[in-house]
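A note on names: the letters A, B, ... follow the listed sequences, proteins ahead of strands, and every chain is numbered from 1.
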Amino acid sequence: MNDTSAPTEHTPGTADGPRYDFRAAEPKWQAAWSERACFQVADVPTSGKPKYYVLEMFPYPSGKIHMGHVRNYTLGDVVARYKRAKGFDVLHPMGWDAFGLPAENAARERGVHPAKWTYENIANMRGELKRMGLSLDWTREFATCQPEYYQHQQKLFLDFLASGLVERKESWVNWDPVDGTVLANEQVIDGKGWRSGALVEKKQLSQWFFSITKYAPELLAALDTMDRWPERVRLMQANWIGRSEGARLHFDLAAPEAGIDKVEVYTTRPDTLFGMSFMAIAPEHPLAAAVGARDEKAAAFIAECRSKGTSEAVIETGEKHGYDTGLRVKHPFIEGATFPVWIANFVLMEYGTGAIFGCPAHDQRDLDFARKYNLSVVPVVLPPDADAASFAVGKEAYVGPGVAYNSDFLNGLDVDAAKRAAIDALAAKSQGLGVVNWRLRDWGVSRQRYWGCPIPVIHCESCGVVPVPADQLPVRLPEDVTFDRPGNPLDHHPTWKHVACPSCGKAARRETDTFDTFVDSSWYFARYCCASDTTQPLARAAVDHWMPVDQYIGGIEHAILHLLYSRFFTRAMKATGHISVDEPFAGLFTQGMVNHESYRAEDGAWLYPEEIDKRPDGTAVHKVTGLPVTVGRIEAMSKSKRNTIDPGEIIQRYGADTARWFILSDNPPERDMEWTESGAAGAYRFTQRVYRLAEGVVGANGPCPSEFGTDGRALRRATHKAIAAVTDALENFSFNVAVARLYELANAIADAERAAGTAANEPNLAWARREAVEMLARLCAPMMPHVAEEIVALLYPGSLNLVADLPWPDADPALLIAETVTIAVQIMGKLRGTVSVAPDSPAATVIALAEAEANVARGLEGKRIVKRVHVPNRIVNFVIAG
RNA sequence: GCGGGUGUGGCGAAAUGGUAACCGCAGCAGACUCAAAAUUUGCCGAGCGCAAGCUCUUGUCGGUUCGAGUCCGACCACCCGCACCA
């Protein structure tokens with residue numbers, strides 16, 4: 001690992017090796033930071049400094065870090081190091097989202113225990129992260145699979161349960177009959193289980209749910225106050241929560257069916273009730289089940305929906321199927337009118353009440369269904385400018401504004417007024433009321449898995465569900481499990497689930513489901529604040545000090561689930577007295593992906609970047625065979641496309657600073673970026689260049705001289721302008737701009753170096769150069785901390801100061817004022833020349849100079865100046881006539 | 001279908017309504033070298049012109065303004081998210 005051999009052909013350097021040897025420097029400074037505990041903070045600091053909590057989404061320990069991690073953790077580290085230099089106590093922790101399916105798959109496929117696999121991966125990835133030189137407080141590290149962590153999660157669950165924030169209820173789930181487990185929607189592909197390939201069934205199971213819907217109104221309302229979240233994420237969450245206003249009403253059946261005498265529906269269009277032509281109920285609706293019990297054809301139809309309901313073919317074509325039950329419902333307003341009840345595949349049991357009234361004229365789905373089954377289509381909303389006698393609905397439902405007609409007492413009202421009138425009429429008959437409906441559903445957290453946090457309850461035949469007493473926590477996962485057959489190993493375990501009921505002492509059964517791993521990640525951010533407290537989930541003093549997270553950074557893929565669950569969990573923890581804040585993340589930043597070119601051989605096989613040679617004309621050949629290679633699209637790095645770059649190798653070859661610098665320099669962090677070899681090599685050249693510039697200024701220490709020559713003044717101005725510009729860029733997450741300003745400063749130093757070679761008598765230029773190099777290093781420090789330390793150590797031999805402990809430099813305001821400013825001179829908004837004047841020169845002076853400028857004067861010749869616009873220090877514009 | 005985002009040189013991009021293209025990558029020409037690498041100097045949106053300079057150019061069309069990449073309106077293209085949500 002500690003390879004200090006001569007650089008390979010990829011590491012440019014002089015004949016005797018590169019001047020700056022990152023292979024020696026990076027471990028040295030990482031050790032120095034660690035020895036001085038630079039990045040450790042107390043649970044409750046006494047420094048009196050303001051706090052700043054920087055957090056990046058913690059990684060799943062898959063085995064190796066990828067470029068997405070490098071980008072994520074570099075972004076966070078820049079913020080953490082910058083804020084620390086700005087005088088904040090910075091909390092910047094790291095841990096592992098360690099439960100989950102891949103560990104179980106490894107166990108099934110390779111026979112390695114999930115714990116062993118996970119902890120080995122963690123060890124490897126921890127080493128890789130440490131080599132990146134991140135300013136992390138490693139004393140707070142934990143993995144969610146440790147009982148020391150999940151025991152507290154079990155306690156939180158018990159508290160939620162006691163507070164009515166958890167319930168056990170029946171729900172329809174995707175069931176894989178071969179693997180014997182519930183599948184998430186994302187795990188169902190083409191109606192089949194993603195692992196087994198078995199046709200997925202809909203099955204009703206008793207599951208644990210967190211009552212996130214209780215918080216739907218406030219989770220939605222609070223989005224408006226979260227001004228440091230991306231607009232896009234807030235909108236996605238708002239859509240997900242999905243508030244809609246409408247009416248809930250019931251229809252009486254003409255004749256009761258198996259004791260059911262009415263059906264409740266939800267609608268957003270009660271104004272269209274007079275356009276009803278049928279009722280449709282979901283295949284999972286109780287009334288459908290009742291019909292199915294006596295009608296074989298209905299039962300067959302329901303079964304078909306169950307097996308095909310989730311297949312992509314049905315969803316994509318949107319084809320609607322129905323079955324006429326023969327039942328009829330009475331219209332609430334039209335005396336004597338009844339309508340048929342259909343079972344329809346497009347009605348969702350999970351939304352609303354699982355039943356709708358169909359108004360084909362004003363709903364596209366209802367119209368498609370009505371046309372297919374020859375049901376009547378009666379328009380009841382007349383579009384503006386349409387004629388009541390001739391208006392008809394063809395293939396497109398009319399969903400726009402208009403006036404009610406064909407609608408008895410609603411006639412003449414516009415859509416909104418008709419809705420209100422219809423709801424009032426329903427309420428008067430006690431047949432319905434106005435309601436707010438939510439798309440958000442309660443969060444089912446039961447998983448039939450081994451590698452997850454056990455749900456701490458016991459099922460007793462006499463007592464029902466009994467929570468595990470808090471003093472018996474944690475409920476530990478047994479280690480001796482087998483993965484030799486499908487299903488949940490916890491269920492197969494010979495002894496684990498057999499326990500005495502804590503309440504009555506009789507033989508009882510432990511819950512064998514474990515939590516969805518999203519539970520683990522819904523509170524880890526708070527746990528970091530007090531990670532060493534073994535007695536309770538959260539220590540209020542520490543959590544109240546550090547929470548909320550000031551800056552959270554991660555991928556957009558978590559825009560909904562993880563972030564919404566965490567927001568809910570924080571509210572639930574507040575309700576149970578564990579935390580004081582409502583919102584966990586005050587600021588959110590979503591980074592773009594890291595992409596790379598892809599390559600394919602002639603036979604279509606994907607090739608790794610290291611298998612090909614790029615030629616200057618942009619084409620590529622296979623290194624071994626010499627055959628041409630197709631250079632494909634630039635797309636997200638993925639193992640299947642083989643367009644991945646291993647960060648470990650990049651750090652080995654170029655150093656961590658190079659990787660960090662390049663990943664920040666290319667483009668704005670919220671946008672997708674392309675990883676390129678030449679870009680990485682360019683970043684490496686810059687690390688060497690900065691160090692070389694430093695070597696040229698060693699020794700010019702001492703107090704600031706009072707007089708400088710022309711070159712010295714210019715360089716000092718460039719230095720202080722850079723301080724101001726880089727500070728501004730870092731504050732705004734414009735890291736690519738910060739990088740550009742630092743390149744400029746390096747270029748200015750190089751210019752001064754040349755000037756020093758020719759103008760030997762320039763006074764104190766050496767001091768100005770040393771100042772510039774020191775500032776360059778310190779401004780670079782959040783991005784490339786190791787080079788920065790090496791340079792400052794070079795400038796101040798024997799000093800024990802670490803850049804990591806130095807305050808952020810301030811720009812000297814006097815040096816931010818230019819000696820002269822260049823004013824653009826326009827005629828009619830077109831640039832015609834420039835003039836140089838002292839800053840803040842009076843308008844009359846500037847305008848006179850501008851008019852005298854040769855090219856401007858030519859343009860003004862023979863013209864009448866109508867208006868002279870002068871913007872101080874920027875521009876003069878002449879408006880002319882004739 | 002609904003919602004959102006993005007369109008600027010060969011490429012990634014920059015630009016509080018005020019000189020469009022900073023900075024980097026790639027490229028071209030030169031210096032150094034026996035040579036290469038490394039380093040380094042210069043050029044580098046398009047067109048016209050010997051030059052001074054002129055014209056055009058931020059997806060398209062229009063508007064506001066002394067002045068628009070930026071603000072407003074319409075449209076086009078691409079990308080992303082959600083989606084049989086009643």
Side-chain angles (χ1 to χ4, degrees), chain A residues 7 9 11-15 18-19 230-236 238-240 242 244 246 265-269 272 280 309 314-315 317-320 344-348 350-359 362-366 368-369 399 437-441 556-557 559-560 616 618 634 662 665-668 670-674 676-683 685-686 688-689 692 725 728 734 736-744 746-747 750 754 822-834 854-855 858 866-871 873-880:
Chain A
E9 72 277 15
T11 45
T14 52
R19 307 287 263 281
E231 176 68 11
R232 160 161 109 107
V233 175
R234 289 190 287 162
L235 276 162
M236 281 162 79
N239 289 340
W240 189 264
S244 77
V265 305
Y266 171 75
T267 179
T268 55
R269 296 295 302 273
T272 63
V314 169
I315 288 168
T317 60
E319 187 161 356
K320 292 168 181 54
N345 68 334
F346 71 94
V347 180
L348 306 175
E350 302 89 349
Y351 186 77
T353 62
I356 61 163
F357 82 85
C359 174
H362 305 291
D363 182 285
Q364 192 59 48
R365 290 154 307 171
D366 295 350
D368 294 344
F369 191 77
V399 296
N437 197 50
W438 304 87
R439 185 185 170 281
L440 186 68
R441 293 169 214 161
I556 188 74
E557 67 273 17
I560 296 173
I634 296 160
F662 175 56
S665 67
D666 204 41
N667 59 4
E670 68 276 11
R671 233 177 268 184
D672 286 357
M673 68 169 291
E674 186 195 1
T676 61
E677 277 300 302
S678 55
R685 281 200 297 275
F686 186 68
Q688 292 294 333
R689 182 162 174 240
R692 261 198 321 277
D728 195 52
S734 302
N736 56 323
V737 178
V739 165
R741 298 292 87 82
L742 288 165
Y743 270 108
E744 272 180 336
N747 291 342
R754 265 193 303 284
T822 306
I823 310 265
V825 185
Q826 299 178 337
I827 299 174
M828 299 297 281
K830 280 195 190 297
L831 184 69
R832 283 296 175 268
T834 58
N855 200 45
R858 196 168 340 128
V866 177
K867 190 174 177 183
R868 297 169 174 83
V869 179
H870 172 246
V871 180
N873 299 327
R874 290 208 177 266
I875 209 160
V876 171
N877 188 19
F878 296 107
V879 183
I880 56 175

Discussion item. Could you tell me how far apart A/Glu674 (CD) and B/rA26 (C1') are, to the nearest whole angstrom?
Written reply: 12 Å
Discussion item. Base, sugar-phosphate or nothing for A/Thr268? Non-hydrogen atoms, less than 4.0 Å.
Written reply: sugar-phosphate
Item to complete: Select base, sugar-phosphate, or nothing to describe what A/Arg692 touches, counting heavy atoms under 4.0 Å on all strands.
Response: sugar-phosphate
Discussion item. Looking at A/Gly679, is its backbone amide N or carbonyl O close enough to the side chain of A/Thr676 to form a donor-acceptor pair, meaning the two atoms are under 3.5 Å apart?
Written reply: yes
Worksheet item: Is a side-chain donor or acceptor of A/Asn437 paired with a backbone partner of A/Ser244 at a separation under 3.5 angstrom?
Response: no
Worksheet item: How is A/Gly682 classified with respect to the nucleic acid when contacts are heavy atoms under 4.0 Å: base, sugar-phosphate, or nothing?
Response: sugar-phosphate
Worksheet item: With both distances kept under 3.5 Å, what pairs with B/rG12, Watson-Crick or G-U wobble?
Response: B/rC23
Worksheet item: When you check the phosphate oxygens OP1 and OP2 of B/rA83, does a side-chain N or O of A/Arg365 lie under 4.0 Å from one of them?
Response: no
Worksheet item: Taking atom types as modelled, is there a side-chain donor on A/Arg689 or A/Asn747 under 3.5 Å from an acceptor on the other?
Response: yes
Practice prompt. Send over the distance from A/Leu831 CG to B/rU55 C1', rounded to a whole Å.
Written response: 14 Å
Worksheet item: So which nucleotide from B/rA86, B/rG18, B/rA13 ends up closest to the side chain of A/Ile875?
Response: B/rG18
Discussion item. Could you identify the nucleotide paired to B/rA31, looking across every strand shown and requiring Watson-Crick or G-U wobble geometry with both distances under 3.5 Å?
Written reply: B/rU39
Discussion item. Tell me whether A/Arg832 contacts the main-chain N or O of A/Asn855 through its side chain, where contact means a donor paired with an acceptor under 3.5 Å.
Written reply: no
Practice prompt. Take atom CD1 of A/Ile556 and atom C1' of B/rC79, then tell me their distance rounded to the nearest Å.
Written response: 13 Å
Practice prompt. Check whether the side chain of A/Lys320 and the base of B/rC84 form a donor-acceptor pair under 3.5 Å.
Written response: yes
Worksheet item: Within the pair A/Arg685 and B/rG24, is there a side-chain N or O less than 4.0 Å away from OP1 or OP2?
Response: no
Discussion item. For a quick check of understanding: with a heavy-atom distance under 4.0 Å over all strands, which category does A/Asn855 fall into, base, sugar-phosphate or nothing?
Written reply: sugar-phosphate
Discussion item. Strictly by Watson-Crick or wobble contacts shorter than 3.5 Å, is anything paired with B/rC56, and which nucleotide is it?
Written reply: B/rG45
Worksheet item: How would you label the contact of A/Asn877 with the nucleic acid (heavy atoms, under 4.0 Å): base, sugar-phosphate, or nothing?
Response: base
Practice prompt. May I have the distance from A/Arg754 (atom CZ) to B/rU40 (atom P), rounded to whole angstrom?
Written response: 9 Å
Item to complete: Check whether any side-chain N or O of A/Asn736 sits under 4.0 Å from OP1 or OP2 of B/rA14, and answer yes or no.
Response: yes
Item to complete: Indicate whether OP1 or OP2 belonging to B/rC82 is found under 4.0 Å from a side-chain N or O atom of A/Asn239.
Response: no
Practice prompt. Please state how far atom CE in A/Met236 lies from atom C1' in B/rC80, giving the value in whole angstrom units.
Written response: 8 Å
Worksheet item: Taking atom C1' in both B/rU58 and B/rG69, what distance in whole Å separates the two?
Response: 5 Å
Worksheet item: When we call it a touch if two heavy atoms are under 4.0 Å apart, what does A/Arg874 touch: a base, just sugar-phosphate, or nothing?
Response: base
Worksheet item: For atom P, what is the distance between B/rA21 and B/rG45, given to the nearest Å?
Response: 10 Å
Discussion item. Tell me which nucleotide, if any, is Watson-Crick or G-U wobble paired with B/rC71 when both distances must be under 3.5 Å.
Written reply: B/rG63
Worksheet, complete the sentence: Whichever of A/Val737 and A/Lys867 has the more 5' nearest nucleotide on RNA chain B, that residue is A/Val737
Worksheet item: How are the rings of A/Phe686 and A/Tyr743 set to each other: parallel, tilted or perpendicular (split at 30° and 60°)?
Response: tilted
Discussion item. At 4.0 Å (heavy atoms only), tell me whether A/Val879 reaches a base, stays on the sugar-phosphate, or touches nothing.
Written reply: sugar-phosphate
Response to the item:
Of the listed B/rG3, B/rU19, B/rA86, the closest approach to the A/Thr822 side chain comes from B/rU19
Worksheet, complete the sentence: From the candidates B/rC82, B/rC54, B/rG12, the one with an atom nearest any side-chain atom of A/Asp666 is B/rG12
Worksheet item: Over how many whole Å does the gap from A/Leu235 atom CG to B/rC2 atom C1' extend?
Response: 12 Å
Practice prompt. Ignoring the backbone of A/Glu744, work out which of B/rC22, B/rU19, B/rC66 is nearest its side chain.
Written response: B/rC22
Worksheet entry | Syn/anti label of B/rG9 as read from its glycosidic torsion, with the cut at 90° from 0 | syn
Discussion item. OP1 or OP2 of B/rA13 versus the side-chain N and O atoms of A/Arg671: is any pair under 4.0 Å?
Written reply: yes
Worksheet item: At under 4.0 Å between heavy atoms, what does A/Leu348 touch on the DNA or RNA strands: base, sugar-phosphate, or nothing?
Response: base
Worksheet item: What's the closest nucleotide to the A/Ala824 side chain, out of B/rC66, B/rA86, B/rU19?
Response: B/rU19
Practice prompt. Using a 4.0 Å heavy-atom cut-off across all strands, classify A/Val347 as base, sugar-phosphate, or nothing.
Written response: base
Worksheet item: Does A/Lys830 make a side-chain N or O approach to OP1 or OP2 of B/rG18 shorter than 4.0 Å?
Response: no
Discussion item. Quick check: on RNA chain B, is the nucleotide nearest A/Asp363 upstream (toward 5') of the one nearest A/Asp672, or the reverse? Name the residue that is more 5'.
Written reply: A/Asp672
Worksheet item: Do the side-chain N or O atoms of A/Arg832 get closer than 4.0 angstrom to the phosphate oxygens (OP1, OP2) of B/rU19?
Response: no
Item to complete: Would you kindly check if the NZ (Lys) or CZ (Arg) of A/Lys320 is within the cone defined by 45 degrees around the ring axis of A/Phe369 and under 6.0 Å from the six-membered ring centre?
Response: no
Worksheet item: A/Asn736 side chain to A/Asp666 main-chain N or O, any donor-acceptor pair under 3.5 Å?
Response: no
Worksheet item: Given B/rC82, B/rC85, B/rC23, which nucleotide is nearest the side-chain atoms of A/Asn747?
Response: B/rC23
Worksheet item: Can you tell me the Watson-Crick or wobble partner of B/rC2, both distances under 3.5 angstrom?
Response: B/rG81
Discussion item. Whether the side chain of A/Asn877 engages the backbone of A/Gly829 through a donor-acceptor N/O pair (distance < 3.5 Å, no angle test) should be reported.
Written reply: yes
Discussion item. Within the 4.5 Å heavy-atom criterion, are A/Ile880 and A/Ile827 side-chain neighbours or not?
Written reply: yes
Fill in: A/Arg439 vs B/rA83: side-chain N/O to OP1/OP2 distance below 4.0 Å
yes
Response to the item:
Looking only at B/rU19, B/rA86, B/rA13, the nucleotide nearest the A/Tyr351 side chain is B/rA86
Worksheet entry | A/Tyr743 OH - B/rG24 C1' separation (whole Å) | 6 Å
Item to complete: Would you indicate which nucleotide in B/rU19, B/rC84, B/rC66 comes nearest to any side-chain atom of A/Val869?
Response: B/rC66
Worksheet item: Any side-chain N or O of A/Tyr266 less than 4.0 Å from the OP1 or OP2 oxygen of B/rA86?
Response: no
Fill in: Separation between the P atoms of B/rG4 and B/rU41, rounded to whole Å
50 Å
Worksheet entry | Side-chain heavy atoms of A/Ile356 within contact of A/Tyr266, under 4.5 Å | no
Worksheet item: Roughly, in whole Å, what's the span from CH2 in A/Trp240 to P in B/rC82?
Response: 7 Å
Worksheet item: Under 4.0 Å: is that the gap between some side-chain N or O of A/Asn873 and OP1 or OP2 of B/rG18?
Response: no
Discussion item. Using a 4.0 Å heavy-atom cut-off, does A/Gln826 contact any base of the nucleic acid, only the sugar-phosphate backbone, or nothing at all?
Written reply: base
Item to complete: State which of B/rA86, B/rC23, B/rC84 makes the closest approach to the side chain of A/Ser244.
Response: B/rA86
